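All values derive from a computational prediction rather than experimental measurement. Lettering of chains follows the sequences in order, A, B, ..., and the numbering in each one begins at 1.
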2 protein chains.
Amino acid sequence: MVVVRAGLSAERLTLAGAELADEAGFDQVTLSALARRFDVRVASLYSHLKNSHELKTRIALFALEELADRVADAVAGRAGKDALTAFANAYRDYARAHPGRYEAARYRLDPQTAAASAGVRHAQMTRAILRGYDLAEPDQTHAVRMLGSVFHGYASLEAAGGFSHTDVASEESWAWTLDSLDAALRGRSAS
Amino acid sequence: MVVVRAGLSAERLTLAGAELADEAGFDQVTLSALARRFDVRVASLYSHLKNSHELKTRIALFALEELADRVADAVAGRAGKDALTAFANAYRDYARAHPGRYEAARYRLDPQTAAASAGVRHAQMTRAILRGYDLAEPDQTHAVRMLGSVFHGYASLEAAGGFSHTDVASEESWAWTLDSLDAALRGRSAS
DNA sequence: GCATTTACCTAAGCCCTATAGGCAAGGGCT
DNA sequence: AGCCCTTGCCTATAGGGCTTAGGTAAATGC
């Protein structure tokens, strides 16, 4: 009887979980589904993961990291509205290309895990694109929160199909929204 | 043996489900939990609900209705920035007072159900507060989407605890955000 | 007062999570 | 090479949630 080991690891399971999330939704990411995908018994996964919560947490951290990388790449060498647009588009594009991972990135992490995650890079990068608008504290924090709300809210509502009922293209609303944000931030500028 | 009927109905189950959602989170709303709450066997609930999906849908519709009522009440007799603020505050206040119901309101509905839900009132009311800003189409649609994104995004991130790491009060960021939106919309005004 | 409806029940099956304990393949050591 | 022992994957088991089938007794209608 030739028994080949499946070669599992927390990393491979995390990646497969991320793919499964994009295909079927983050709520469909279960240890059972993953075990089926690797043609392995469910109990075997517990050698690599403490429980299903750890799997979800790992996928969330992976997604946050991946998204932060893309945003960093997009923003590099840009400033002002150019940076704002690049950031926003990278964010929205990721949410559309990887809906399951994006959903995973919103998975509730405990404070310690969150503090050690790429979530802090997101906040830093948001602050970075605001440099072009010359905002003093606490305005800068307010702006970070407003931008985060718009980006997340838009991606979230768009993913939920909320913008498909009207025949106005979501693309145009997005550009219009970014223009408005830019104008609003310029209006807040200290200078 | 005195057997008293529990007096269940889809409505009572929906309300109890909404309360349970606020107490423990929408994902904790299960038929099992509800059956325990009414001291009844799980199978008994199937006389009143087709399945667990129907329960969640009913809670979602209930929350949408309730939220629409509050918003309608808040914006009545107001216009311009006054209306915008009243709308936004009613929205955010509901999300904070009833986190589980708010989460339920984002439950994915099939197109027909969504079309018959209070979700359309939300869109109408959003358009109504924009009357004070004199926007022509398609700007009006763009603005509806932007406002929806900000309101939902802010409530969502705030509920997830995203604004509790900095010592700047969320209250102030909210006011700042509304001011910025008002300014942006005034800047878009056709006149 | 009887028939029908219906509110709630037991029983059973399926899926997902989780733990305990077993076996054999592979890597490290002599 | 041969041995040990780590460990990757297994079976078995248990508990909880969802759902359906089919039964019984309370409530309702005539």
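- Between the CG atom of B/Asp39 and the P atom of C/dA7 there is a distance of 18 Å, rounded to whole Å.
- A donor-acceptor pair is defined here as one N or O able to donate and one able to accept, closer than 3.5 Å; such a pair exists between the side chain of B/Ser117 and the backbone of B/Gly119.
- Using modelled atom types, no side-chain atom of B/Asp22 and backbone atom of B/Ala97 make a donor-acceptor pair closer than 3.5 Å.
- Within residues 48-58 of chain A, the residues that place at least one heavy atom under 4.0 Å from DNA chain C are, in residue-number order, A/Asn51, A/Ser52.
- With sequence neighbours left out, A/Asp82 forms a side chain to side chain donor-acceptor pair (under 3.5 Å) with A/Arg78.
- Against DNA chain D, the stretch residues 13-21 of chain B makes no heavy-atom approach under 4.0 Å.
- Atom-to-atom, CZ of A/Arg41 to P of D/dC9 comes out at 13 Å; the value is rounded to the nearest Å.
- Of all the residues in residues 22-36 of chain B, B/Thr30, B/Leu31, B/Ser32, B/Arg36 reach under 4.0 Å from DNA chain D with at least one non-hydrogen atom.
- Atom C1' of nucleotide D/dA12 and atom OH of A/Tyr46 are separated by 15 Å, given to the nearest angstrom.
- For B/Glu137 and B/Arg127, the salt-bridge test passes: some basic side-chain N is under 4.0 Å from an acidic carboxylate O.
- Between the side chain of A/Arg58 and the backbone N or O of A/Ala10 there is no donor-acceptor pair closer than 3.5 Å.
- Taking each heavy atom of B/His48 and B/Ser44 in turn, the nearest pair found is CD2-O, 3.7 Å.
- Side-chain N or O atoms of A/Arg188 include one that pairs as donor or acceptor with a backbone N or O of B/Trp176 at under 3.5 Å.
- For the OP1/OP2 pair of C/dC9 and a distance below 4.0 Å, the side-chain nitrogens and oxygens of B/Ser44 include at least one atom meeting the criterion.
- Note on residues 55-75 of chain B: no pairs pass ring pair (Phe, Tyr, Trp, His ring centres under 6.0 Å), not counting sequence neighbours.
- Note: CG (B/Leu8) to C1' (C/dC9) measures 13 Å, nearest angstrom.
- The pair A/Glu65-A/Arg101 fails the salt-bridge criterion, with no side-chain N (NZ, NE, NH1 or NH2) lying under 4.0 Å from an Asp/Glu carboxylate O.
- In this pair, A/His122 and A/Tyr91 present their aromatic rings perpendicular. The plane angle is above 60°, beyond the 30 to 60° band.
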Return a table of donor-acceptor pairs under 3.5 angstrom between the side chains of residues 67-76 of chain B and protein atoms on other chains or two or more places apart.
residue: B/Asp69; atom: OD1; partner: B/Arg121; partner atom: NH1; Å: 3.2
residue: B/Asp69; atom: OD1; partner: B/Arg121; partner atom: NH2; Å: 2.9

